[in-house]
Each structure stands twice: as C-alpha cells, then as structure tokens.
Protein chains: 2
Amino acid sequence: MIKVAIIEDDHDIRQSLGLIIHHTEGFECQQCFESCEAALEALAANPPHVVLMDINLPGMTGIEGAAILKKKHPHTDIMMLTIREDDQAVFDSLCAGATGYLLKNTPPAQLLQAIKELHAGGSPMSSHIARRVLLSFRPQAESPLSARETEILGLLCEGHHYKRIAEQLFVSGHTVRSHIKNIYYKLQVNSRAEAVRKATKDKLI
Amino acid sequence: MIKVAIIEDDHDIRQSLGLIIHHTEGFECQQCFESCEAALEALAANPPHVVLMDINLPGMTGIEGAAILKKKHPHTDIMMLTIREDDQAVFDSLCAGATGYLLKNTPPAQLLQAIKELHAGGSPMSSHIARRVLLSFRPQAESPLSARETEILGLLCEGHHYKRIAEQLFVSGHTVRSHIKNIYYKLQVNSRAEAVRKATKDKLI
DNA sequence: CTAAAAATACCTCATTTGAGCGATTGACTC
DNA sequence: GAGTCAATCGCTCAAATGAGGTATTTTTAG
C-alpha cells in the first residue's frame with residue numbers, strides 16, 4: 001500500500017487526483033493540502049511514501065517546499081506536478097529534492113504507473129529532461145591542460161603542498177611551481193582555491 | 001533522415017538492427033562495425049547522427065569507445081546497447097559520453113522511437129537509471145556548517161583572501177580566521193584546497 | 001532558565017604561497 | 001629548418017596562510 005499526500009492549490013485538480021488515488025487498489029490518499037506550509041506541519045508526524053507537489057503554489061513554491069520536505073523526511077519521494085515541461089522549473093525541482101515529475105494532464109493509468117515507479121526507486125521523467133540532467137553533471141569544455149598539468153592539478157585538489165607534489169612526481173619544487181603558474185594562467189585564476197573550484201566544476205580532473 | 005551507425009560484435013544482432021533501420025522511413029543505416037577501432041577509423045570522415053554501440057565489445061569496450069567517439073564528434077549522439085540493465089556499466093557509459101541506452105531485446109518500434117528521441121535532444125533511459133543519474137549530482141550528506149560558515153566557505157571557493165572576506169562581511173580578519181578554522185575542523189580538512197574540493201564535491205555551497 | 005552552539009575578536013610564529021623574473025631541453029608541427 | 005609547446009630547473013621576496021592558543025557576546029535549543 002503506497003501512502004500518497006497531495007499538495008496542490010487548485011481545488012478541482014486536487015480533488016480529482018485524490019479520487020483517482022483513493023479508488024485504486026494498492027494506493028491510499030493520506031491527505032490533501034493547499035499549501036506547503038500546511039503540509040509540512042501536518043505531515044511531520046506521519047510522513048507519506050509519496051508526495052505529489054504542484055510546482056506553482058501560493059506562498060512557498062513547490063521547489064522550496066520540496067527542499068524542506070526532503071530535508072525533514074529523506075525517505076519520502078517527491079513527484080512534482082507541472083502544467084508544461086518548463087525545463088528550468090522542473091530541473092530546479094529535481095535539484096531541490098524531487099525525484100520525478102508529472103505533467104498535470106497525464107492520464108490516470110500513467111499517473112499511477114509513475115507513482116509506482118517512483119516508489120520503487122525510479123525517477124519518471126521525459127527523455128528531454130533526462131538529457132538536461134545528464135549534461136549538467138558531465139564535463140562541458142575541453143581541458144586546456146597538458147597531461148602533466150592535469151596530474152599536478154589533481155594533487156593540488158587533494159590538498160598537497162608544493163613539496164609533497166614535487167616528491168611524488170620526482171621533480172624539483174621549482175618545476176611544480178612553474179607548472180602551477182601555467183595552470184593558473186590557462187584556467188584564468190590566481191589562487192589554489194579558484195583552481196580547485198574550476199577543476200571540479202569543469203571536471204578537469 | 002537520421003543517419004545511424006552500428007557497432008556490435010554479434011553478427012546476428014548487428015544484421016537485424018541494420019535491417020530494421022534500413023527499412024524504416026526516415027532512417028538510414030550508414031555503416032556497421034564489429035569493433036570500436038574499426039568504427040573510429042571509418043567514421044572520422046563522415047560522422048553519423050546516431051551511433052548504436054554495444055557495451056561489451058572485444059578489444060576496446062563500448063565505454064572507452066564512447067568517450068573517444070564523443071570527443072572526436074561531439075555532435076554525434078551515442079546510444080548504448082546492453083543485454084541487461086547493469087547499473088554500473090550503463091551509468092559509466094553515460095558518464096563517458098553516451099546520452100541514452102537501450103536493452104538489446106527492445107522491440108523494433110520502441111527502438112526506432114528511442115533513436116528519434118535521442119536525435120531530437122532527449123536521453124531515453126529507464127526511470128531506474130534516471131534516479132541513479134539524479135542522485136549522483138545531488139548533495140548526499142547534510143551540511144555540518146552553520147549559515148555563516150557556509151557563507152565564508154562560499155567566498156573562500158571564489159578565491160578571496162581573508163582580508164577581502166573580512167571586508168565583505170564587515171568583520172575583522174581574525175573572525176574570518178576563526179570561522180575558517182572551524183570549517184576545516186568540521187570538514188576534516190586542513191587546507192583551503194581540500195576545503196574547496198569537499199565543498200564542491202558535497203555541494204555544500 | 002540554563003547549557004550549548006555560533007559568531008565575534010585577538011595574539012604569535014613558522015611555513016607556504018603567488019608574483020616577478022629567466023633558461024634549457026626535447027618533441028612535434030608546419 | 002623554424003617555431004611552438006611541454007616539461008624541467010633556478011632565484012627572490014612580500015604577503016597570505018595554517019596551527020597554536022584564549023575569550024566575550026549573542027542565539028538557539030532543551
């Protein structure tokens with residue numbers, strides 16, 4: 001039995017979602033809310049398995065709500081509800097803590113299927129959004145660094161000092177400094193911290 | 001017209017995939033290969049729109065091949081072919097440069113649909129894999145830092161010096177030092193570089 | 001209300017770092 | 001054969017950093 005809660009400000013949509021879930025074997029509509037604020041308070045004691053959350057809510061948005069809800073109840077899966085496939089809003093929701101989303105005009109059978117998948121550890125999403133998520137965690141740019149420089153940057157990121165790096169690479173400390181200066185120039189930075197940041201951000205290491 | 005190339009060592013699978021694509025309106029099977037090595041050489045001059053690539057290939061694996069192919073031809077979309085939903089291999093492929101994958105026993109209609117979606121900028125994948133991808137780029141752990149410390153860590157990551165941070169926060173340099181010492185302690189690191197690395201890795205900022 | 005945590009401030013010292021210079025060798029390209 | 005780039009080594013110096021302490025004042029939480 002999958003316990004579901006609904007957070008949606010539109011009365012009609014809320015009702016119809018509730019009815020669909022309530023009348024389906026294996027699903028239970030635990031509670032319905034008009035706002036995140038109300039839901040967060042009421043669900044604290046008895047978190048559901050799945051929350052269907054509208055993205056555009058009055059007061060706290062669904063995105064903010066998802067972040068807070070996920071923080072309080074890490075085991076609750078959040079499915080965002082959206083009218084259109086607005087890339088950015090959906091993407092932000094997924095970053096905030098949601099693990100799936102549905103278009104509001106999704107037919108009941110697919111809706112129930114998606115909730116099942118979500119609860120079983122999946123993340124229902126269109127292939128378009130999936131691509132977006134995929135690209136966001138892959139290196140974008142081509143590395144301008146040579147192999148040796150990349151190697152040194154890696155050691156730099158691990159927090160080693162010049163001396164330590166020099167020892168590990170069997171070269172003099174001076175050489176390491178020169179390399180690091182070149183790295184800084186190529187990455188257009190002028191401190192270790194910035195270099196490390198850029199390196200991890202652009203997945204250069 | 002979507003130009004497709006196939007890299008698959010099993011003769012029967014290669015043939016049947018080729019036939020399906022060849023006989024479908026809007027698709028063209030450009031070439032078939034038994035290995036990445038052969039494909040990389042032959043495709044250099046005339047890259048296809050989509051490559052169907054077996055994960056388990058003799059010689060260079062599909063994962064390695066995907067990385068090289070994507071590097072040479074960034075505009076070619078790579079669809080991995082796999083027998084079973086082996087999480088790790090599929091996930092590694094997506095990291096390497098593939099933007100979608102298919103099970104080998106996918107029926108022709110779905111296969112063609114997936115290729116279409118891939119070419120249109122989507123990333124066909126099961127909701128299970130999607131969850132995996134999603135989790136990989138979201139912060140895992142709870143931040144142990146206070147709001148102020150997080151703020152300072154953010155400035156640290158941008159490469160600012162103690163003085164600069166102190167000025168921006170309207171506190172003394174001594175205060176900044178104290179905070180940073182606490183941050184280092186909490187993150188279990190002992191240098192700027194490590195702190196920045198940990199911060200970006202765990203998405204603390 | 002009381003205790004813990006966070007934010008603030010100060011001191012000193014050895015070490016590390018970034019910036020500014022230059023130079024040689026070998027590999028690869030055009 | 002000239003030119004570029006990577007990799008190596010060298011020097012100096014002021015400034016920034018990390019490590020070692022201690023202490024006061026708010027806030028927050030129990």
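Chain letters run A, B, ... following the sequence lines, proteins first and then strands; every chain starts at 1. Note that this is a predicted model, so its numbers are computed, not measured. Heavy-atom basis, side chains included; hydrogens, waters and symmetry copies ignored.
For Ala166(A), the side-chain contact (heavy atoms from CB on, under 4.5 Å) partners are Val176(A), not counting sequence neighbours. Ser172(A) pairs by the side chain to side chain donor-acceptor pair (under 3.5 Å) definition with Thr175(A), not counting sequence neighbours.
Sorted by first and then second residue, the pairs that involve residues 97-106 of chain A and meet side-chain hydrogen bond (donor to acceptor under 3.5 Å, both in side chains), not counting sequence neighbours, are Glu8(A)-Lys104(A), Asp54(A)-Lys104(A), Glu85(A)-Tyr101(A), Tyr101(A)-Ser126(A). Pairs passing the salt bridge (charged side-chain N to carboxylate O under 4.0 Å, His left out) check and including a residue from residues 116-127 of chain A, sequence neighbours excluded, do not occur. For residues 182-194 of chain A, the pairs satisfying salt bridge (charged side-chain N to carboxylate O under 4.0 Å, His left out) are Glu149(A)-Lys186(A), with sequence neighbours left out. Applying the salt bridge (charged side-chain N to carboxylate O under 4.0 Å, His left out) test to every pair with at least one member in residues 164-179 of chain A, sequence neighbours left out, gives these pairs: Arg164(A)-Glu167(A).
Across the helix from dC1(C)-dG30(D) to dC30(C)-dG1(D), the helix axis at one end is tilted relative to the axis at the other end by 80° (nearest 10 degrees, each axis from five pairs).
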With 3.5 Å as the limit, what N/O pairs link the protein to nucleotides 24-30 of chain C?
none

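Spacing between atom CD1 of Ile152(B) and atom C1' of dT8(C) amounts to 10 Å, rounded to whole angstrom units. The CG atom of Asn182(B) sits 8 Å away from the P atom of dA6(C) (whole-angstrom rounding). We find that CD of Glu167(B) is positioned 11 Å from P of dA16(D), with the value rounded to whole Å. Per the geometry, CG belonging to Leu155(B) stands 13 Å off P belonging to dT17(D), to the nearest Å. In this structure, Phe170(A) places its CZ atom 18 Å from C1' of dC9(D), rounding to the nearest Å. Rounded to whole Å, the distance from CD1 on Ile183(B) to C1' on dA7(C) is 12 Å. Rounded to whole Å, the distance from OH on Tyr185(B) to C1' on dG20(D) is 16 Å. Here dA6(C) presents its P atom at 17 Å from CG of Leu169(B), a figure rounded to the nearest Å.
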| Base-contact (B) and sugar-phosphate-only (S) positions in nucleotides 10-23 of chain C, heavy-atom cut-off under 4.0 Å, - elsewhere | BB----SBBBBB--

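Side-chain atoms of Lys198(A) do not come within 3.5 Å of backbone N or O of Val189(A) as any donor-acceptor pair.
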For residues 41-53 of chain A, run the donor-acceptor check on the side chains, cut-off 3.5 Å, and write out each pair with its distance to 0.1 Å, sequence neighbours left out.
{"unit_1": "Asn46(A)", "atom_1": "OD1", "unit_2": "Lys3(A)", "atom_2": "NZ", "d": "3.3"}
{"unit_1": "His49(A)", "atom_1": "ND1", "unit_2": "Lys3(A)", "atom_2": "N", "d": "2.9"}

Show which side-chain atoms of residues 56-68 of chain B pair as donor or acceptor with protein atoms under 3.5 Å away, not counting sequence neighbours.
{"unit_1": "Thr61(B)", "atom_1": "OG1", "unit_2": "Ile63(B)", "atom_2": "N", "d": "3.4"}
{"unit_1": "Thr61(B)", "atom_1": "OG1", "unit_2": "Glu64(B)", "atom_2": "N", "d": "3.2"}
{"unit_1": "Glu64(B)", "atom_1": "OE1", "unit_2": "Thr61(B)", "atom_2": "N", "d": "3.2"}

Donor-acceptor contacts under 3.5 Å from residues 17-29 of chain A side chains, at least two apart:
{"unit_1": "His23(A)", "atom_1": "ND1", "unit_2": "Leu19(A)", "atom_2": "O", "d": "3.0"}
{"unit_1": "Thr24(A)", "atom_1": "OG1", "unit_2": "Ile20(A)", "atom_2": "O", "d": "2.6"}

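Heavy-atom nearest nucleotides on DNA chain D were determined for Leu145(A) and for Val176(A), and the one closer to the 5' end corresponds to Leu145(A).
Salt-bridge annotation for Arg14(A) and Glu34(A): present, with a side-chain N of the basic residue lying under 4.0 Å from a carboxylate O of the acidic one.
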